[in-house]
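Hydrogens, waters and symmetry mates play no part in the numbers below; they use all other heavy atoms, side chains included. In what follows, chains carry the letters A, B, and so on, assigned in the order in which the sequence lines appear, proteins first and then strands, with residues in each chain numbered from 1.
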Amino acid sequence: MSERKVRVRFAPSPTGPLHIGGVRTALFNYLFAKKHGGDFLLRIEDTDQARYVPGAEAYIQEALEWCGITIDEGPKQGGAFAPYRQSERKELYRQYAEQLLVSGDAYYAFDTPEELDQARTSAESKGETFTYNALSRGQMKNSISLPEEQSNALLLSSTHYVIRFRMPDNLDVTEVDLIRGRVTFNTSLLDDKVLFKSDGMPTYHLANVVDDHLMEISHVIRGEEWLPSMPLHVLLYRAFGWEDTMPRFTHLPLILKPEGKGKLSKRDGDKLGFPVFPLLWKDKVTGEPSRGYREDGYFPDAFINMLALLGWNPGTEQEIFSMEELCQAFTLERVGKSGARFDPEKTKWFNHQYFIKKSDQELGELLLPLLHIKGVTADLDMAVKVSGMVKERCNFVSEIWDQSHFLFRAPDAYDEKIVSKRWKDDVPAIMSEISHFFETLKVWHAPEIKEPFSAFVTAKGWNFGTVMNSLRLCLVGGSFGPDIFEICEIIGQSETVLRIRKAVDTIKI
RNA sequence: GGUCUGUUCAUCUAAGGGUUAGGAUUCAAGAUUUUCAUUCUUGCCAUAGGGGUUCGAAUCCCCUACAGACUACCA
């Protein structure tokens, strides 16, 4: 085997937003390319005009960008093998289909969709499956079964014909899949796939093989759903005479639903309460939004880290990987064979790991815009300080707000459970005394509050736990948050006193 | 239905003929935190089933079961 330059491609069809599975396929291609100093290309497979969704291609670009998967060649970035959009390569495919026609590896077929439907339903009624192949093509309308003049006449008169691959009969095709090993298929079970559609567009199979060859792709890394079409593709390479530069094939295991059966689908996310898309997607027709990891507050490196470990492992106990480390460590040999069930909980855990590693400064900068949205006036210093105080207890930037809103505004409600647990008969009187005590303090810094306060409580003979928890309830509205004296310091002396009084007045036992 | 692929704790996975089958997530308990969370410690939990081969099998072979993918003029 020659030392070919590694060139891989991610080839989605723009029929909607990319989902987790697609991102992972792109990621593994990218990691493989970078590991071997190769190129990663994006090719848009838009040969099905009926399923084309405007905006999908831009979404794919943006999603990969957000993930940190950089594209070496593609429709946006250009390259020596442009264009990278199959609709723009339309004219090219025709000649290759014709080459196969000449060599006898393909033929014209004139069957209408209705006729094909009929053949299928009649086979079905007999409990069989209709296959367009060596056995049946003699009974169908095509350039093999029909006399030449009739076939030529049809070709001239009818615009509706397709070009089909002439699948050899009873031939074992064996090919190596880099993670599964040798896989053998017998061609008698395969059908004469359409290569060229009546609308003048190639099908995936033709376009894919032609483009991979022309773009000098060295490795095809794609989802497991393509494994059954590997023999067709191999046979196409042979028919074209490109077998010596045929890419190596690798089929990635599927990503399964967290619960229940089947592969993860676009619907699952909204149903089960986690995003299946990298970015928010709004359906252009229904206007229905689907959540995205970016908008849900996940960091791209955490998202990528999680995805990389879904189906791949380094063979060590390391779990946290930067993109550079992934590029270094990645090998196809360590990709598993079986489908991986997606775990939203672990995704959260990954985000937490990245979250707590961020500096207070970084988090503060992310928090600031959120504060403005909440209608709070605060500067960066404040946002940074608050982030540092509560980041250990958060997974997302949005949770900083959940953990700290009481630092910006007084609680507008008190957690009922905590009230009934802490707000005993004698508490209002105690709290009143404390509010008076707080007014007498001259210095308002956490340590200088804590010390005299503790002495005061001890002198009064009150139960420390009760006092602290009730005080927290007054200030926060619940039973959570950082150190109580730090809260006092931040909200200020008068606000502290005010909140205690308000609680005493408002809370009913 | 047919073809292909797969099957180790609830989940992601390690161990590619010899380990008390390891780690992580989740869950549970304890410690810490005068709250919550974090953190730490501990615990629970697996080789789908059945046959072989072998001194020895999660690992190799066969059968069964289960799961998934594919079976379009969609990719």
Considering only the P atoms, how many Å lie between C44(B) and A21(B), rounded to the nearest integer? 14 Å
Identity of whatever pairs with A65(B) - Watson-Crick or G-U, under 3.5 angstrom: U7(B)
Base, sugar-phosphate, or nothing: which does V162(A) touch, judged by heavy atoms less than 4.0 Å apart? base
Assign T184(A) to base, sugar-phosphate, or nothing according to its heavy-atom contacts below 4.0 angstrom with the strands shown. sugar-phosphate
Do the ring centers of W312(A) and F330(A) come within less than 6.0 Å of each other? yes
Rounded to whole Å, the CZ-C1' distance (R222(A) to C74(B)) equals 15 Å
Got Y84(A) and I44(A) here, is their nearest side-chain heavy-atom distance under 4.5 Å? no
Do the two ring centres, one from W423(A) and one from Y414(A), sit under 6.0 Å apart? no
Work out how far the C1' atom of G50(B) is from that of U7(B), and round it to whole angstrom. 15 Å
Using a 4.0 Å heavy-atom cut-off, does R51(A) contact any base of the nucleic acid, only the sugar-phosphate backbone, or nothing at all? base
Under the salt bridge (charged side-chain N to carboxylate O under 4.0 Å, His left out) criterion, do R9(A) and E45(A) qualify, and how do the steps go? CA-CA 11 Å; R9(A) 83 293 193 282; E45(A) 309 228 326; 5.5 Å; no
At under 4.0 Å between heavy atoms, what does T47(A) touch on the DNA or RNA strands: base, sugar-phosphate, or nothing? sugar-phosphate
Can you check the distance between U5(B) and C63(B), where both ends of the measurement are the P atom (answer in whole Å)? 13 Å
Same-atom distance (P) from C61(B) to U20(B), integer angstrom: 25 Å
